[in-house]
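In this chain, numbering begins with 1 at the start of the sequence shown. Whatever order the structure lists ligands and atoms in, that order sets their numbers, starting from 1. Computed from a prediction, not measured in an experiment: that's the story for all the values here.
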Amino acid sequence: MVYFTIIFVSFVIAASFTGPLVFVFFTLIYPVLYLANVYFRRKRLNSAQPWSFNEKVILITGASSGIGKSLAHLCVKNGANVIICARRDEMLSNVAEECRKINDSVKVLKVKCDIANESEVSQMFEIIKTTFDRLDCIILNAGVSMGEQFEDTDYSIIKKIMDINYFGSTNVTHKALPLLKNNKKSRILVVNSIIGIIPIPLRTGYAASKFALRGFFESLQSELWKDEIFITMAYPGSVRTEINQNRLGSNPRELDLSDAVSSEECARILIEGISRGDKEILFTNRDKLIRLIEGVYPELLAYFAYAKAKKHVDLDRNKNQ
Ligand SMILES: NC(=O)c1ccc[n+]([C@@H]2O[C@H](COP(=O)([O-])OP(=O)(O)OC[C@H]3O[C@@H](n4cnc5c(N)ncnc54)[C@H](OP(=O)(O)O)[C@@H]3O)[C@@H](O)[C@H]2O)c1
């Protein structure tokens, strides 16, 4: 009901921007498209089932803090063996210890690994092969962000973000695929961001990396249908984590986390989405509306992004120089 109300209101708003013809067209055709989407969603979920975390082997990148750490806790709680990786070894050891306390009957393997470093990723996969020789799911969570205007940003930061968020995650996937293909209904979860749908100011490099992930994994999913590997793209909004402290740049502006969800709640939603084999995970009705508007009314979304930019960025600072 809430969903339909949102759609209706969005149509009315959109009609005022795009004109009555577009409005009438989408009002008539929308129910048909909606039903077709429900049909294909059901079809996907039916082929993704049954699947449970119990006794599975799951690799989680970026598990030393935040969402990755909470995901590790929940995976072992649900009976999965986990490989947790990140660069900060001591924090990773603490997470491994916590996981063993939560469930001492599963295996927990911690590997210190910078996913942007190709040889470290190769070494990690050697360790995974000798320890498990199996993977049922990879969770591509490791990521860094930024918080400056592009013109103030040292360009090396744009490259570094891409190296970690995009090249790191796709390289891990490349190494994992042969193992994932050995098992039925394997999973790949990509922890994207709502900024991978609506690019907001001060996040150019971050938005680029998240958009790139979306394009890459949409394309990969179409290659992997035949292998029944299910890729889930998750688009969290604000989550209370260390992301502000770990932000790259000389003077990054902090993300407002006042209405953020906890990392535990975020992980719970992600775990449910992986189990079902969802194609996408959007966290709130607002996010679902953004996703809808993005496809149909891009100018409207661009206006919202511009309005947000005006709040955070001095757009006129070079005007009279
Ligand atoms: N917090 C939010 O509001 C939010 C919203 C949407 C999406 N996300 C996404 O959620 C994911 C997790 O972020 P978070 O919020 O949980 O922040 P976080 O607490 O800073 O966690 C980031 C994790 O990524 C790891 N990492 C960073 N660079 C790495 C590298 N080169 N190699 C291996 N691991 C690396 C970090 O570990 P080390 O530093 O120890 O390597 C850390 O464990 C990110 O992809 C982020 O874009 C977050």
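- In terms of protein heavy atoms, atom 25 (C) of ligand 1 is closest to Gly62 CA, 3.4 Å.
- Judged by the shortest distance from any of its heavy atoms, Lys210 lies inside the 4.0 Å radius around the atoms of ligand 1.
- In this comparison of Val191, Asn192, Asp114, the heavy atom closest to atom 7 (C) of ligand 1 sits on Asn192.
- Within the model, atoms CZ of Arg44 and CZ of Phe230 stand 6.5 Å from one another, a figure rounded to the nearest 0.5 Å.
- Put simply, the side chain of Thr232 never gets that close to the backbone of Gly277: no donor and acceptor are under 3.5 Å apart.
- Looking only at heavy atoms of the protein, atom 12 (C) of ligand 1 is closest to Asn141 OD1, 3.2 Å.
- Heavy-atom proximity to Ile243, at under 4.0 Å, picks out these atoms of ligand 1: 1 (N), 15 (O), 17 (O), 20 (O), 46 (C), 48 (C).
- Only side-chain heavy atoms of Ile164 come within less than 4.0 Å of ligand 1; its backbone N, CA, C and O stay farther off.
- If you check which protein heavy atom lies closest to atom 28 (N) of ligand 1, you get Arg87 NH2, 3.1 Å.
- The shortest contact between atom 38 (P) of ligand 1 and any protein heavy atom is with Arg88 NE, 3.4 Å.
- Closest heavy-atom approach to atom 21 (O) of ligand 1 within the set Cys85, Ser65, Gly66: this belongs to Ser65.
- Using 4.0 Å as the threshold, Gly168 has no heavy atom nearer than that to any atom of ligand 1.
- Relative to the six-membered ring of Phe132, Lys107 meets both conditions, a distance below 6.0 Å and an angle of at most 45° to the axis.
- Of all protein heavy atoms, the one closest to atom 22 (C) of ligand 1 is Gly143 O, 3.6 Å.
- Put simply, the residue from Val172, Ile139, Ile231 that forms a side chain to side chain contact (heavy atoms under 4.5 Å, CB included) with Ile188 is Ile231.
- Residue-ligand proximity, Tyr206 to ligand 1, at heavy-atom distances under 4.0 Å covers atoms 7 (C), 8 (N), 9 (C), 46 (C), 47 (O).
- Under the 4.0 angstrom criterion for non-hydrogen atoms, Ser263 is not in contact with ligand 1.
- Paired with Val76 under the rule side chain to side chain contact (heavy atoms under 4.5 Å, CB included), one option of Asp104, Ile58, Val82 passes, and it is Val82.
- The proximity of Tyr235 to ligand 1, defined as any non-hydrogen pair under 4.0 Å, does not occur for either the backbone or the side chain.
- At a threshold of 4.5 Å between side-chain heavy atoms, the hydrophobic network of Ile, Leu, Val, Met, Phe, Trp and Tyr places Ile243 and Val191 in two separate groups.
- The distance criterion of under 3.5 Å between nitrogen or oxygen atoms is not met by Pro236 with respect to ligand 1.
- Ser219 approaches Ser222 most closely through the heavy-atom pair O-OG, 2.6 Å.
- Within ligand 1, counting atoms from 1 as listed, the ones closer than 4.0 Å to a heavy atom of Glu242 are 19 (O), 20 (O).
- Nearest to atom 32 (N) of ligand 1 among the protein's heavy atoms is Ile115 N, 2.9 Å.
- In the hydrophobic clustering of ILVMFWY residues, with side-chain heavy atoms under 4.5 Å counting as a link, Leu135 and Phe53 come out apart.
- With respect to Asn244, the side-chain hydrogen bond (donor to acceptor under 3.5 Å, both in side chains) criterion is satisfied by exactly one of Glu242, Arg247, Arg240: Arg247.
- Polar contact check, Ala86 against ligand 1: no nitrogen or oxygen pair lies under 3.5 Å apart.
- Atoms of ligand 1 found under 4.0 Å from any heavy atom of Asn246 (numbered from 1 in listed order, with element): 18 (P), 20 (O).
- Shown here for Leu301 and Ile293, the closest heavy-atom pair between the two residues is N-CG2, 4.1 Å.
- Once rounded to the nearest 0.5 Å, the distance linking CG of Asn54 with SG of Cys75 reads 12.0 Å.
- Scanning both residues, Ala212 and Tyr166, for their nearest heavy atoms gives CB-CD1, 3.6 Å.
- When hydrogens are left out, the protein atom nearest atom 1 (N) of ligand 1 is Val239 O, 3.0 Å; that is the closest non-hydrogen contact.
- The residue from Ala142, Ala234, Ser209, Ser193 that puts a heavy atom closest to atom 35 (C) of ligand 1 is Ala142.
- In this structure, Ser145 does not count as a contact residue of ligand 1, since none of its heavy atoms falls inside 4.0 Å of the ligand.
- Residue Ser238 has at least one heavy-atom neighbour below 4.0 Å for each of these atoms of ligand 1: 3 (O).
- Below 30°, between 30° and 60°, or above 60°: for Tyr303 and Tyr306 the angle between ring planes is between 30° and 60°, a tilted geometry.
- If you check which protein heavy atom lies closest to atom 15 (O) of ligand 1, you get Thr241 OG1, 2.6 Å.
- In the hydrophobic clustering of ILVMFWY residues, with side-chain heavy atoms under 4.5 Å counting as a link, Tyr235 and Leu220 come out together.
- Closest heavy-atom approach to atom 33 (C) of ligand 1 among the candidates Ser70, Ser64, Cys113: Cys113.
- Cation-pi geometry between Lys184 and Trp51 is not satisfied (NZ or CZ under 6.0 Å from the ring centre, within 45° of the ring normal).
- When Asp89, Val95, Ile83 are each tested for a side chain to side chain contact (heavy atoms under 4.5 Å, CB included) with Lys110, only one passes: Asp89.
- Residue Val144 has no nitrogen or oxygen atom sitting less than 3.5 Å from a nitrogen or oxygen atom of ligand 1, judged on distance alone.
- Against a heavy-atom cut-off of under 4.0 Å, Ala63 is close to the following atoms of ligand 1: 43 (O).
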